[in-house]
Amino acid sequence: MSIVDRSATELRKLLATGELTSIELTRACLERIERHDATIGAFLRVDAARALDQAAAIDRRRQAGEPLGPLAGLPVAVKDVLCDRDTITSCASRMLAEFRSPYDSTVVGKLKQADAVLIGRTNMDEFAMGGSTENSAFQPTRNPWDPTRTPGGSSGGSAAAVAARMAPLAIGTDTGGSIRQPAGLCGIVGMKPTYGRVSRFGLVAFASSLDQVGPFATTTEDAALLLEAISGHDPRDSTSINQPTPRYTESINKPLAGLKLGVVPEHFGAGLDPEVASSVRAAIEVYKSLGAEVKEVPLPHGKYGVAAYYVIAPSEASSNLARYDGVHFGFRADQSAALAELAAERQELIAAGKTAAADNVDAPLVRMYRSTREAGFGAEVKRRIMLGAYALSAGYYDAYYLKALKVRRLIRRDFDEAFQQVDLIVGPVTAGPAFKLGEMVDDPLAMYLVDLYTVSANLAGIPALSLPCGVTKAGLPIGLQLQAPPLAEERLLRGARMYEAATDWHTQRPSLGGAR
Amino acid sequence: MALTRADVEKVALLARLRLTEAELETMTDQLSQIVGYVDLLGEVDTADVEPMAHAVEVTNVFAADVVEPSLTREAALANAPRHNGRGYLVPAVLGE
Amino acid sequence: MSEQPYTTVIGLEVHVQLSTESKLFCRCNTKFGAEPNTQTCPVCIGMPGSLPVMNRRAYELSLKTAVALNCTIPEFTKWDRKQYYYPDLPKGYQISQFDLPMSADGYLEISDPKDKFAPKRVGIIRAHLEEDAGKSVHDEAAGKADSEIDLNRTGTPLLEIVSQPDMRSAAEAKAFLQELKLLLTYIDVSDCNMQEGSLRVDANVNLHIEKDGKVIATPIVEIKNMNSFRAVERALEYEAPRQYREWQETGRQLGEAPKQTRGWDDVAGVTRGQRSKEESSDYRYFPDPDLAPVITSAAEVDVVRESLGELPADLRRRLSEGYSLSLYDADVIVNQGREFADYYLAVAGASGNPKSACNWVTGPLQRELKEREQTIDSFGLPAQRLAELIRAVDDGRLPSTRAPEAFQLMVDKGSDVAAALAELKIERVDETALVTLVQELLAANPKTVSDIQNGKFQAAASLIGQAKKKNPNVDPNRVRELAIELATSLQ
């Protein structure tokens, strides 16, 4: 077994005992990236020198007997949406291609504090908008299980990096399923914590009331390890929850006695792929065999989740992305070209005798903004900005935005009622396995409906997790989603671990064309 | 509800986006389709339901009024596409 | 009121900078006058990933103000994003309050001691907390194509106070602003320095014209760029007749024209129309997902109310009722600010003569402050000393005619009363000695004696100067009295 095939928890032990150095491990990961990332495209930037420096420093400190953080020497890949001081945070957008943050996000700061090795920055859908990582301005990412298919998104780079064992751990963000869906499609563990459990400070916002940072790993134990390191109250994030972080790693192997598992009948509707359905049902049987009581719980407003989500998320996004106007940071369109074009437009209108129209062309500053945003954003980002600006504009606010917030409350109430009866809710994470690259790029609505099983957890703010529960006949992984009440991450992880311990889906890995 | 081309043009200005003729057309179609789907919300009875703007309902979060160091001017301006070492530069802001 | 054929209707929007050390949502300094872009951070620059955290002090100060303005404080308030593009607004939205402001429905009482208008209550529609924008500088003289943006001011806490359209003249508007400023400085929530932009005023004005028994309202005009209270007064005095002329020309009524914005040109003394684009008014407000709402209990509001201390209106009442001052005098003292009023109270209390204390502080003392361009807190004469001086006059140790000299000496040299009396060689003159002195003078001035005897009492005045030559401490009034008394008794 190669080093890179080991779990972070195992690697941590090897590092602690001195059987392995961080330099060795980091080199192994870098070699793996070197060998496979030209095909996979998981990383936007890998700073090998910095990673090796960090690894060497940790090895030295370990040898000197200094106390080390919980992730000491473990390579962690970070989605390119969390600020890392003085380095580029591009959000896979032309707009921020050159943006160097003058500060660390809280999560990156915690990773540094935990002595992780920051091995590289992973690809994503531009500004985390999308479910296939095809919306990156720089490159697509391919699914390690089948490079003609998507790894999912928006955290596709992080998911693919872990699935391809280029890093044992990775950080993603989940606004409507952007951790769980790619984890499911890549056959690994991905978790969205309770909203407020992990600080958003330094996370470049997509939809502030939905965004949450979380871990990717190959096992639930590793997910617990990474979650524990990044969680905690942050006074710099007003929406951070002021609660201590439980020691997930200490409790994860304790099975939940008398577990009551909820199954939502609506989750098994017509759109669900039969192979996925049977894997999920098989997983439910595994739980039963472990002594869990399974009962049906209705989530009557679940079917409105996607509609509510695609009002709320774009509305917040349209506002969050207003700051990218080419003035204080980021990209600006060629100003003299834009202004020359404007002058020409005006001349043309005047020559044609359309003086009223000529008076109505953009002011120079307005044109600078518009040209900048035209060239700086990709199609999906523009679509969502337009959708959000429309939903918030005069005359539509009540019908769309306010209505969606009310439906959001009803969705949360459904969960609150369900969790009166059950401890966890189990079901599919996606309707089908990984789809082909390019399959849905021209059908945004079909792409949005992919989020059917995941958006409700974001709207309600509850924690949810995806873990491997099968492989299709075509050899594509299938994910199982577990959802828990707010702040019940410990229960969620223990429940997931019960299943994982009883099955071996998590040990399956992509062949990567047979190459190792 | 279907959006008109004029609606889309108006929103594009509001959002400071610029769309080509072709983009305007696809955008009108796609937004109409999405908004048509979102109209599904209309069938939910939300009478007496409080809107939920935050995923977690925390209140009264404050910081103490204590000055902390600012960025240096160099660091503040470092990411600006155009600056003169003192301020950010933009095309003339006229008495608007 | 005048013969105008219309009534001017004025509402004011006042932006007040709250006296915090740091900004509303980050901990950058709010100090005025720093080099451009030296007081900014990722949060106030709106850098990707940054998040706002509310300044507790700013919230407390706004609450204090709202309570002092007699506002209702709702239990629940939240923050909204007001969205528009402008280079001095780096996030592309301003964090403000829209439908659930932190206070509403208050009032401020105004009056004019000179009776230019009757005392009245000006309603406060709302007061809400928001962040300031930065500054754009366009150097047109240099003909530059670029504007320069300074974000130092971005994120400074502002309280926006919106009045009802309850004012009916420029004088009332000015009185409202003066009273508001006084109130805010009394409760120490803002320095209200207009030069530094700590207090900014926009006015909404229209006319109610009576015609054929009906009242016609003209379109509302918003006036901006008024940089002093005097400018506000002048702009409003200019604007009302201008609107009347416009109405006479166009006949346009409220609702028939969009709200217009006009800028005040202080040099030319006119308001000028400003270009406005229609689309800019769709601000797409929505609740800021990055900020937590604030819940304020009635008990907390009560605590704030009790901690407010005495407000200017209360103090005026106390001075006129408890200290028997005229409303005019009470007004003069209170309007000088909290420190001045405290000084007066100390002098009045220690001297036991509130009326004389009033005369001293509103007369010689105020003149002295003006000449020295000083404020009361840096003034060299402590209240206790001034009180001593008043007591010295009252118990006859210091002739009232010489009190100004003593005052001057005490101010200039920092002396106490005893030292001043000594330096001025002021001593009490024994009554027997004074009688002897006057008798001598009468004997030397038979003409004066006969004048007095003939009823020309004013002739006695001629003896005062001679008496003072012989003894500078004589009380001139007593000299006159004695001269008349003695001369008459010689008959």
Side-chain angles (χ1 to χ4, degrees), chain A residues 81-83 89 91 95-96 99 101-103 105-106 127 199-205 207-211 234-240 312 315-316 318-330 335 339 360 363-366 368-369 388-395 397 401-402 405, chain C residues 25-27 37 40-56 79-95 98-99 134 136 138 145-151 154 275 277-294:
Chain A
V81 70
L82 285 147
C83 294
T89 298
C91 301
M95 195 58 98
L96 292 177
F99 174 72
S101 166
Y103 71 101
S105 57
T106 298
F127 284 105
S199 169
R200 292 186 301 114
F201 186 78
L203 158 63
V204 181
S208 313
S209 81
L210 302 162
D211 295 341
D234 183 1
R236 291 178 300 179
D237 174 0
S238 305
T239 60
S240 165
I312 296 169
S315 294
E316 293 184 13
S318 71
S319 173
N320 285 331
L321 272 64
R323 71 192 65 201
Y324 306 112
D325 59 6
V327 176
H328 308 95
F329 38 75
Q335 189 174 314
L339 297 186
N360 242 340
L365 183 62
V366 172
M368 189 279 281
Y369 287 149
Y390 176 73
L392 291 174
S393 65
Y397 181 89
Y401 182 74
L402 199 62
L405 290 191
Chain C
F25 298 117
C26 64
R27 307 287 73 82
N37 293 302
T40 66
C41 73
V43 176
C44 55
I45 299 171
M47 278 191 184
S50 64
L51 293 173
V53 183
M54 172 86 52
N55 183 329
R56 180 186 294 279
W79 274 264
D80 302 284
R81 294 182 180 179
K82 177 183 183 178
Q83 313 197 67
Y84 63 94
Y85 284 87
Y86 208 73
D88 66 8
L89 189 72
K91 298 189 295 298
Y93 58 84
Q94 177 193 29
I95 303 176
F98 182 49
D99 54 337
S136 331
H138 185 66
D146 292 319
S147 290
E148 186 184 308
I149 312 296
D150 171 14
L151 298 183
T154 309
R275 202 158 63 93
K277 276 206 168 176
E278 214 181 301
E279 64 87 20
S280 67
S281 58
D282 193 346
Y283 291 124
R284 289 161 290 139
Y285 280 101
F286 79 106
D288 192 328
D290 290 332
L291 286 166
V294 173

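Note on naming: letters A, B, ... go to the chains in the order of the sequence lines (proteins, then strands), and numbering restarts at 1 for each one.
- Looking at A/P364, neither its backbone nor its side chain comes within 4.5 Å of chain C, counting heavy atoms on both sides.
- Only the side chain of A/D325 comes within less than 4.5 Å of a heavy atom of chain C; its backbone N, CA, C and O stay farther away.
- Contacts of A/A391 with chain C are absent, with no heavy-atom separation under 4.5 Å from either backbone or side chain.
- With contacts defined as side-chain heavy-atom distances shorter than 4.5 Å, the pair A/S315/C/R284 does not qualify.
- The distance from atom OH of C/Y85 to atom CG of A/L365, rounded to the nearest 0.5 Å, is 11.5 Å.
- Put simply, the side chain of A/R236 does not reach to within 4.5 Å of the side chain of C/V43, judged on heavy atoms.
- Within the 4.5 Å cutoff, side-chain heavy atoms of A/Y369 are placed close to those of C/P87.
- Contacts between A/F201 and chain C at a heavy-atom distance below 4.5 Å involve backbone atoms as well as side-chain atoms.
- Looking only at heavy-atom pairs under 4.5 Å with chain C, the residue among A/G202, A/A205, A/C91, A/A207 that has the most is A/G202.
- Distance alone, capped at 3.5 Å, is enough to place a donor-acceptor pair between the C/D282 side chain and the A/A394 backbone.
- When each of C/L51, C/L151, C/L89 is scored by its heavy-atom pairs under 4.5 Å with chain A, the top score falls to C/L51.
- For A/S319, the parts sitting under 4.5 Å from any heavy atom of chain C are the backbone and the side chain alike.
- Options C/P42, C/A292, C/G46 differ in how many heavy-atom pairs under 4.5 Å they form with chain A, and the most are formed by C/G46.
- The salt bridge (Lys or Arg N to Asp or Glu O under 4.0 Å) test applied to A/D211 returns no partner, not counting sequence neighbours.
- Rounding to the nearest 0.5 angstrom, the gap separating the OG atom in A/S393 from the OH atom in C/Y283 is 15.0 Å.
- With a 4.5 Å cut-off on non-hydrogen atoms, A/L402 does not touch chain C at all.
- A 4.5 Å side-chain heavy-atom check between C/P48 and A/Y324 finds at least one atom pair inside the cut-off.
- For C/P90, the parts lying near chain A are the backbone and the side chain together; criterion is any non-hydrogen pair under 4.5 Å.
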Practice prompt. Under the side-chain contact (heavy atoms from CB on, under 4.5 Å) rule, what do A/Y103 and C/C41 come out as? Steps first, then yes or no, please.
Written response: CA-CA 10 Å; A/Y103 71 101; C/C41 73; over 6 Å; no
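- C/F286 and A/Y397 have their aromatic ring centers separated by at least 6.0 angstrom.
- Contact of the C/D146 side chain with the A/Q335 side chain is registered, since non-hydrogen atoms from C-beta on lie closer than 4.5 Å.
- Taken from OG in A/S209 to CG in C/D290, the straight-line distance is 9.5 Å, to the nearest 0.5 Å.
- The shortest side-chain heavy-atom distance between C/F25 and A/S238 does not fall under the 4.5 Å cut-off.
- At least one side-chain heavy atom of C/R81 sits less than 4.5 Å from a side-chain heavy atom of A/N320.
- When all heavy atoms of C/Q83 and A/L392 are compared, the closest pair comes out as NE2-CD1, 3.6 Å.
- Between the CE atom in C/M47 and the NE2 atom in A/H328 there is a gap of 10.0 Å [rounded to 0.5 Å].
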